[in-house]
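Read the structure below first, then the notes.
Numbers here are sequence positions counted from 1.
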Amino acid sequence: MESKIINRKRSQLFIHVLGFLSIFHFLLNQLIETNTAVVSPLFGISSYFLFLLAMAKMKERTLQYAILFAMNLYIFILNVESLSPITLIYFVVPIIISALYNDTKLILILGLATAIEFTLLSTLFDRFDTGNPFSYTQLSIVIFILSILSITLLHSIYFSRYWKQLELTNASMEKALLSKEGYLQLFFETAKDAIAVFDPNNKIIAVNPAFEELYGWTSEECIGNTLPLYPQDMKEDVERRTLDVQQGKSYSLLETVDLRKDGSRFHALITLSPIFDHSQKVVATSIISRDISYQKESDKLILQSEKLKLAGEIAAGVAHEIRNPMTVISGFIQMMHRDPKHLFPEYTELIQSELDRINLIISEFLVLAKPQAVTQKKFSIQQALEDILTLFGSELNLNGIELKKEWQEDFQVNGEEHHLKQVFINLLKNAVESMEQPGKIRITITSEKHNKFSISFEDSGIGISEKDLDGIFEPFYTTKASGTGLGLLVSQKIIREHNGTLTISSTAGLGTVAKIILPAY
């Protein structure tokens with residue numbers, strides 16, 4: 001393709017050369033009276049304008065032949081009009097030009113045409129005195145033209161193959177380069193990891209679509225700007241790493257926390273690399289980052305599962321052993337409390353209360369133990385909630401708590417009804433106990449995607465701090481003075497056994513929302 005473009009440019013140049021020489025020849029006729037050539041410059045000028053009109057529509061090879069034979073005919077007409085054989089020397093011009101096209105066939109045809117024209121000029125127009133031997137000038141002209149023709153012909157034969165090989169090599173290298181650049185660009189555009197390139201001033205010069213999707217910034221917002229891609233509390237570490245990379249150091253698979261455009265944080269796995277030029281000078285830096293929040297969440301779930309397993313093992317080993325002596329102690333305490341001669345009834349009442357609390361902890365322990373044999377059945381979530389609210393009605397009225405129920409559709413589930421009721425009881429108790437003064441509790445049932453539904457328990461209590469919110473599902477972690485720290489852990493376990501999820505969101509001072517998502521039957 002490039003060779004065709006070059007030859008096209010050559011043809012345009014030769015057309016303008018023909019036009020310029022023709023116009024110059026015409027003007028020369030006006031200055032020199034002895035010049036008898038009239039038809040040839042007019043032929044050249046008319047050919048020039050015809051070429052200009054037809055150049056865009058003519059094929060490349062046709063245009064080359066037309067230009068060279070127009071020049072050759074121009075020189076033939078000039079020799080017909082000329083009184084001197086010296087003008088024969090101009091026949092070398094189209095021959096030399098044809099050599100620039102590296103076309104042996106074209107040179108041979110042009111040489112044959114020149115030989116025919118020489119014959120016509122020597123016989124019909126008597127440009128050579130055939131009755132007398134050639135003069136030195138005439139012989140020199142013939143030898144010169146033959147020499148030029150031979151040189152151009154040999155040049156074309158010798159170099160045309162080499163030139164074509166060179167063109168093929170260049171074309172192959174160009175394709176390889178374009179292919180390499182294309183593959184690199186394709187990789188950059190389609191990579192699932194976010195990629196950004198920075199200049200020495202830490203301004204972004206390129207980002208890929210994955211970067212835009214992960215960080216929330218568009219390409220137009222990124223290019224040429226320095227963006228806040230990290231939390232301010234990590235500024236010192238980020239600036240230190242940036243300086244190290246600009247000095248040639250690399251960081252591979254580094255876990256950090258980055259910042260999105262909306263201000264939200266996420267866990268990222270990043271690789272920082274310097275980009276060197278041919279002199280091994282750092283001219284840019286790159287960052288490849290991957291969102292590993294899901295991995296962190298998975299690790300957290302695995303850790304939670306291990307803790308749950310540990311708690312279950314403790315429960316299996318301790319609960320039954322404690323309950324046996326507890327039963328004996330509880331029986332004797334009750335006998336002592338009923339004895340009218342007992343001197344300290346308030347003490348035995350307190351002991352019995354604490355024994356009941358220990359029994360509650362043991363019961364929750366048993367739930368955490370090995371999976372128990374359960375009988376799953378289809379039941380109504382709305383009816384299960386109504387049963388629980390009936391039990392809690394008096395407590396809600398006693399504490400001045402307003403209950404609001406929001407559900408229009410009843411959902412059926414296949415599971416263990418008593419276990420799910422235990423979850424509802426735990427969440428309602430937490431909501432009631434979170435209120436230091438009369439407030440509101442709202443329970444909603446909403447349809448979700450993929451044949452699921454959600455149950456939300458929203459209270460107007462004191463809420464949970466961000467620090468405490470991170471540990472609410474930890475074993476024995478509680479913010480209540482009389483809590484065991486096992487209620488939410490047990491509830492989470494039950495919901496997972498029903499292929500659902502339990503999430504807690506809260507803002508200190510504004511209340512808490514516990515949301516359960518379960519698959520509908």
Nearest 0.5 Å, please: how far is [atom2] in [Y] from [atom1] in [X]?
X: S219; Y: E212; atom1: OG; atom2: CD; value: 5.0 Å
X: I455; Y: L420; atom1: CD1; atom2: CG; value: 7.5 Å
X: L214; Y: R290; atom1: CG; atom2: CZ; value: 11.5 Å
X: T242; Y: K235; atom1: OG1; atom2: NZ; value: 11.5 Å
X: N72; Y: I95; atom1: CG; atom2: CD1; value: 8.0 Å
X: L18; Y: I97; atom1: CG; atom2: CD1; value: 8.5 Å

Grab the two heavy atoms, one from [X] and one from [Y], that are nearest each other, plus how far apart they are.
X: V207; Y: A196; value: CG1-CB, 3.9 Å
X: D410; Y: Q412; value: OD2-NE2, 3.4 Å
X: P200; Y: V283; value: CD-O, 3.3 Å
X: D291; Y: S293; value: OD1-OG, 2.7 Å
X: T226; Y: N201; value: OG1-O, 4.3 Å
X: I288; Y: I195; value: CG1-CG1, 4.2 Å

Going through the checks in order, is the side chain to side chain contact (heavy atoms under 4.5 Å, CB included) test met by L385 and K405?
CA-CA 10 Å; L385 281 171; K405 299 182 291 185; over 6 Å; no

| said: Looking at K404 and E406, is there a salt bridge between them, counting it only when a charged N and a carboxylate O are closer than 4.0 Å? | reply: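 So E406 pairs with K404 through a salt bridge.
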
Open item on the list: Between the side chains of R240 and E236, is the shortest nitrogen-to-carboxylate-oxygen separation below 4.0 Å, so that they form an ion pair?
Closed with: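 Looking at E236 and R240, the cut-off is not met.
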
Item to complete: Please lay out, stage by stage, how V413 and F453 fare under the test side chain to side chain contact (heavy atoms under 4.5 Å, CB included).
Response: CA-CA 10 Å; V413 296; F453 67 95; 3.3 Å; yes

Can you find a pair of side-chain heavy atoms, one from [X] and one from [Y], that are under 4.5 Å apart?
X: V282; Y: Q247; value: no
X: W217; Y: P228; value: yes
X: E458; Y: T444; value: no
X: F457; Y: N430; value: no
X: S47; Y: Y74; value: no

Determine whether a donor-acceptor pair (N or O, by modelled atom type, separation under 3.5 Å) exists between the side chain of N225 and the backbone of E221.
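Yes.
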
Answer yes or no: is there a donor N or O on one side and an acceptor on the other, between the side chain of S460 and the main chain of G439, under 3.5 Å?
->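 No; zero donor-acceptor contacts below 3.5 Å.
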
Q.
Please enumerate all residues that pass ring pair (Phe, Tyr, Trp, His ring centres under 6.0 Å) together with F49, with sequence neighbours excluded.
A.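 Ring pair (Phe, Tyr, Trp, His ring centres under 6.0 Å) check on F49 returns nothing, list empty.
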
Parallel, tilted or perpendicular: ring planes of F266 versus Y215, cut at 30 and 60 degrees =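 Correct class here is perpendicular.
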
With side chain to side chain contact (heavy atoms under 4.5 Å, CB included) as the criterion, how do E416 and E497 come out once you've worked through the C-alpha distance, each side chain's angles and the decisive distance to 0.1 Å? CA-CA 10 Å; E416 173 54 59; E497 288 173 351; over 6 Å; no

Listing, residues 267-276 side-chain donor-acceptor contacts under 3.5 Å, not counting sequence neighbours, or none:
{"unit_1": "T271", "atom_1": "OG1", "unit_2": "L253", "atom_2": "N", "d": "3.4"}

message = Does K421, at its NZ atom, have more than 12 non-hydrogen atoms belonging to other residues, nucleotides or ligands within less than 6.0 Å?
response =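 Buried by this count: over 12 neighbours within 6.0 Å.
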
Open item on the list: Run D244 and Y251 through side chain to side chain contact (heavy atoms under 4.5 Å, CB included) and show every step you take.
Closed with: CA-CA 9 Å; D244 290 342; Y251 287 88; 2.6 Å; yes

